[in-house]
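Report on one structure; see the data block that follows.
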Amino acid sequence: MSDDKKASLNFIEEFIEEDINNGKHKGRVHTRFPPEPNGFLHIGHCKAIWINFELAKKYGGKANLRMDDTNPSTEKTDYVDSIKNDINWLGYEWEGTELYSSDYFQQLYEYATRLIEKGLAYVDDSTVEEIAEMKGEPTAPGVESPYRNRSIAENLDLFQRMRKGEFPDGSRVLRAKIDMTSPNMHLRDPIIYRIKHEHHHRTGNEWPIYPMYDFAHGQSDSIEGITHSLCSLEFIHHRPLYNWFIEQLDIFPSRQIEFARMNVAYMITSKRKLLKLVEEGQVSGWDDARMPTIAGMRRRGYPAEALRNFCERTGVAKRDNVIEMELLEFSVREVLNKTTPRVMAVLDPLKVVITNYPEGQEEFMETENNPEDEGMGKRKLPFSRELYIERGDFMVDAPRKFFRMKPEGDVRLKSAYILHCEGYETDPVTGEVTEVRCTYYPDSRSGEDTSGIKAKGTIHWVSASHAKRAEVRMFDRLFTDPAPTTHEGKDFMEFLNPDSLRVIEAFIEPSLMDAEVGAQMQFMRKGYFCVDQDSTEDKKVFNLTVTLKDSWAKAQKK
RNA sequence: AGACCCAUGGUGUAAUUGGCAACACAGCUGGUUUUGGUCCAGUCGUUCUAGGUUCGAGUCCUAGUGGGUCUACCA
């Protein structure tokens with residue numbers, strides 16, 4: 001019956017299935033996510049995590065988490081914890097305990113020694129400038145270092161003394177001896193070890209020399225038996241070198257495959273630039289809800305499931321891409337629509353007095369928590385003579401298609417009565433509406449409406465005497481430009497959105513005072529929100545996760 | 001300038017590997033709705049250019065054009 005169409009494979013899956021079909025590694029699939037612990041994970045990492053862990057899952061394989069910690073200057077243990085936490089939060093578990101490139105320092109040292117013994121590596125005494133100079137340009141070949149043809153014995157001796165810490169930082173490096181005329185700059189005798197008398201977050205002062213990325217990453221993959229080493233496009237030029245080391249060292253042949261990293265409009269993923277935002281105080285920290293970090297998005301209220309769905313929808317390819325934020329927001333709303341309770345909160349309050357409703361009287365209105373899911377139950381809302389509604393839900397000179405409250409008009413209060421607007425009061429100075437006066441139809445109560453009145457619109461409300469005040473943080477995109485880092489001659493900071501954060505005071509229904517930090521809900525007709533960690537016992541703080549779609553507002557703009 | 005990578009609606013990704021170009025988001029129109037939300041239906045719009053191979057090309061070949069990457073003792 002069902003015409004189960006073949007699910008299409010992305011190009012990495014095609015490679016993997018080809019390898020499996022060829023019996024390579026006995027069909028084993030083992031990936032890894034290799035962050036450098038020098039910053040927080042962001043939306044780009046999110047995609048890399050998704051690819052590596054989902055692929056392993058799909059092919060019944062394993063995925064390692066490996067901290068690529070070969071540079072002691074920038075790496076910190078604090079970051080390790082946040083990285084592990086973020087990955088777990090996204091819903092993934094790595095194989096065994098987390099691994100570290102630094103665990104392989106001894107093995108790497110031996111590999112380097114093996115290279116020297118084969119006459120494929122040499123110690124170079126040149127300065128940084130000299131090495132750069134001799135490297136040449138992409139269009140012009142480089143020249144060989146005067147130290148290039150030292151004897152194996154001398155190289156061995158020098159390298160051992162480097163390891164013993166006999167030489168000062170920067171005085172010498174170990175280079176692979178490949179080809180100074182290669183059109184691929186990475187093959188022009190790349191540096192594989194440098195001297196750094198620096199404390200490492202895990203190996204302490206054990207090592208005065210540290211391997212470079214190219215001499216650590218591929219070998220670590222190999223040591224761990226990684227079958228498919230997935231990385232972003234900019235490493236494509238490193239692949240010949242990656243393979244060269246595997247061949248010369250004759251070690252397990254991991255295969256590097258490059259994919260285009262994911263870019264999202266209005267978000268930046270440069271760790272350096274993100275750090276600048278934090279250090280300059282443009283945001284409150286790495287986990288500011290406006291940050292494209294996983295920690296930030298979590299605090300903002302983006303569900304992990306939404307992020308995973310988003311990664312799946314955006315696909316895997318080799319094309320440069322910028323994904324519209326709308327797709328991310330769709331993914332977020334999609335999950336939240338199903339999972340969050342609806343609650344009443346008025347963000348921009350306007351007082352309504354129901355003149356024919358007895359003073360001092362109160363009623364409790366039953367309302368469903370989520371029309372998408374009856375199982376989420378019902379709750380009661382206090383109702384009284386004075387209410388707050390959204391200022392934007394009242395208009396003095398309303399167009400015909402305005403279905404909310406307007407003079408002489410009827411409007412339904414969600415889960416309560418239908419109101420008839422009798423008039424309004426304004427501030428004599430500013431002309432601003434200060435209060436709306438209405439009457440209610442006693443026989444129009446929700447669920448038992450016999451009034452026969454049909455109100456076209458339904459609006460949300462809170463009882464003035466019962467409502468609580470709360471702080472609400474209304475977030476907007478951090479930048480005004482979809483690609484703030486791509487404009488030549490302009491610093492990305494010039495594109496910071498001055499209105500990315502608007503703090504307002506809102507009135508919320510009393511039940512919300514019980515909401516715990518992290519709790520998520522829909523403020524009816526406004527958007528999805530979550531309780532921020534800055535909340536206190538008597539003052540809740542809510543973060544706007546994402547607004548609801550608003551076709552009325554959209555129509556008004558035209 | 002050299003090497004390498006890439007090119008399909010506005011955006012992103014597909015196309016049984018040479019056989020009627022599709023899916024999602026966005027847009028637009030309508031329906032349902034006690035959220036102008038959700039949901040449902042419909043609609044708009046695509047193979048960078050020029051040659052070539054072929055009965056047949058988004059797919060293969062050549063050239064061009066456009067975009068990206070590479071010249072850290074970072075990863």
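So you know, we letter chains A, B, ... as the sequences are listed, proteins then strands, and number each from 1.
If you check B:rA75, B:rU13, B:rG37 against the side chain of A:H238, the one that comes closest is B:rA75. In this structure, of B:rU38, B:rA14, B:rC74, it is B:rU38 that holds the atom nearest to the side chain of A:N337. Out of B:rU17, B:rA3, B:rA72, the shortest distance to the side chain of A:P183 is found at B:rA3. Of all nucleotides listed (B:rC73, B:rU35, B:rG36), B:rU35 comes nearest to the side chain of A:L548. When the nucleotides B:rC6, B:rG12, B:rG37 are ranked by their closest atom to the side chain of A:E372, B:rG37 comes out on top. You'll find that the side chain of A:M212 is closest to B:rA75, out of B:rG12, B:rG37, B:rA75. Checked against B:rA75, B:rC70, B:rC73, the side chain of A:N71 finds its nearest nucleotide in B:rA75.
Under 4.0 angstrom from either OP1 or OP2 of B:rA72 there lies no side-chain N or O belonging to A:R194. Phosphate contact (OP1/OP2 of B:rC25, side-chain N/O of A:S331, threshold under 4.0 Å): absent. When the side-chain nitrogen and oxygen atoms of A:R412 are compared with OP1 and OP2 of B:rU33, none of them lie within a distance under 4.0 Å. Side-chain nitrogen and oxygen atoms of A:S551 include at least one within less than 4.0 Å of the OP1 or OP2 phosphate oxygen of B:rG37. The phosphate of B:rU38 (OP1 or OP2) has no side-chain N or O of A:K338 nearer than 4.0 angstrom. Side-chain nitrogen and oxygen atoms of A:R319 include at least one within less than 4.0 Å of the OP1 or OP2 phosphate oxygen of B:rU13.
Residues A:S451 and A:D443 bring no donor and acceptor atom of their side chains to less than 3.5 Å of each other. Between the side chains of A:K271 and A:N38, at least one donor-acceptor pair of N or O atoms lies under 3.5 Å. Looking at A:Y441 and A:D410, their side chains do bring a donor and an acceptor atom within 3.5 Å of each other.
Nucleotide B:rA3 forms a Watson-Crick or G-U wobble pair with B:rU69, both donor-acceptor distances falling under 3.5 Å. Across all strands shown, B:rG52 is found opposite B:rC60 as a Watson-Crick or G-U wobble partner, with both distances under 3.5 Å. Both distances falling under 3.5 Å, in either a Watson-Crick or a G-U wobble arrangement, place B:rC23 opposite B:rG12.
If you take atom C1' in B:rA57 and the same atom in B:rG19, they sit 10 Å apart, rounded to whole Å. Taking atom P on both nucleotides, B:rG45 is separated from B:rU32 by 28 Å, rounded to a whole Å. Here the separation of B:rU54 from B:rG18, taken at their C1' atoms, is 9 Å to the nearest Å. Using C1' as the reference atom, B:rU71 and B:rA3 are 12 Å apart when rounded to the nearest Å. For the P atoms, the distance from B:rG31 to B:rC23 is 25 Å, rounded to whole Å. Atom C1' of B:rU13 sits at a distance of 24 Å from the matching atom of B:rU49, rounded to the whole Å. Between B:rC6 and B:rG64, the two C1' atoms lie 16 Å apart (nearest whole Å). Of the C1' atoms belonging to B:rG9 and B:rC48, the separation is 14 Å, rounded to the nearest Å.
At a threshold of 4.0 angstrom between heavy atoms, the contacts of A:S415 include nucleobase atoms, whether or not backbone atoms are also involved. Within the 4.0 angstrom heavy-atom criterion, no nucleotide atom of any strand lies near A:S171. Among the heavy atoms of the strands lying under 4.0 Å from A:R342 is at least one base atom, whether or not backbone atoms are also near. Among the protein residues, A:K414 comes within range of the nucleic acid bases, having at least one heavy atom under 4.0 Å from a base atom. Among the heavy atoms of the strands lying under 4.0 Å from A:F330 are primed sugar atoms or P, OP1, OP2 only; no base atom is included.
Atom CD1 in A:I191 sits roughly 11 Å away from atom P in B:rA75 (whole-Å rounding). Atom pair A:F215:CZ and B:rA75:P shows a separation of 13 Å (rounding to whole Å applied). The CD1 atom of A:I178 sits 20 Å away from the P atom of B:rA3 (whole-angstrom rounding). One interatomic measurement links the two molecules: CD1 of A:I459 to P of B:rG36, which rounds to 10 Å at whole-angstrom precision. As rounded to whole Å, 11 Å separates atom P of B:rU69 from atom CG of A:N263.
Between the side chain of A:Q522 and the base of B:rU35, at least one donor-acceptor pair of N or O atoms lies under 3.5 Å. The base of B:rG10 sits within donor-acceptor range of the side chain of A:E324, with an N or O pair under 3.5 Å. Side-chain N/O atoms of A:H237 and base N/O atoms of B:rU69 include a donor-acceptor pair closer than 3.5 Å. Residue side chain A:R525 does not reach the base of B:rU35 through any donor-acceptor N/O pair under 3.5 Å, judged by distance alone. Side-chain atoms of A:S446 come within donor-acceptor range of the base of B:rU34, with a qualifying N/O pair under 3.5 Å. For B:rG12, its base never sits under 3.5 Å from the side chain of A:E326 at any donor and acceptor pair.
The ring of A:W552 lies on top of the base of B:rG36, close enough and flat enough: under 5.5 Å between centres, under 30° between planes.
Partner of A:F523 under the side-chain contact (heavy atoms from CB on, under 4.5 Å) criterion, chosen from A:L512, A:T340, A:L548: A:L512. Of the candidates A:V264, A:T293, A:L41, A:L307, A:L307 is the only one forming a side-chain contact (heavy atoms from CB on, under 4.5 Å) with A:C46. Just one of A:I49, A:N52, A:V80, A:I87 meets the side-chain contact (heavy atoms from CB on, under 4.5 Å) condition when paired with A:L65; it is A:I87.
Classification of B:rU8 as anti follows from a glycosidic angle more than 90° from 0.
Taking the ring centroids of A:F529 and A:F542, they lie at or beyond the 6.0 Å cut-off.
Ring geometry for A:W461 against A:F383 counts as perpendicular: the plane angle is over 60°, on a 0 to 90° scale with 30° as the lower cut.
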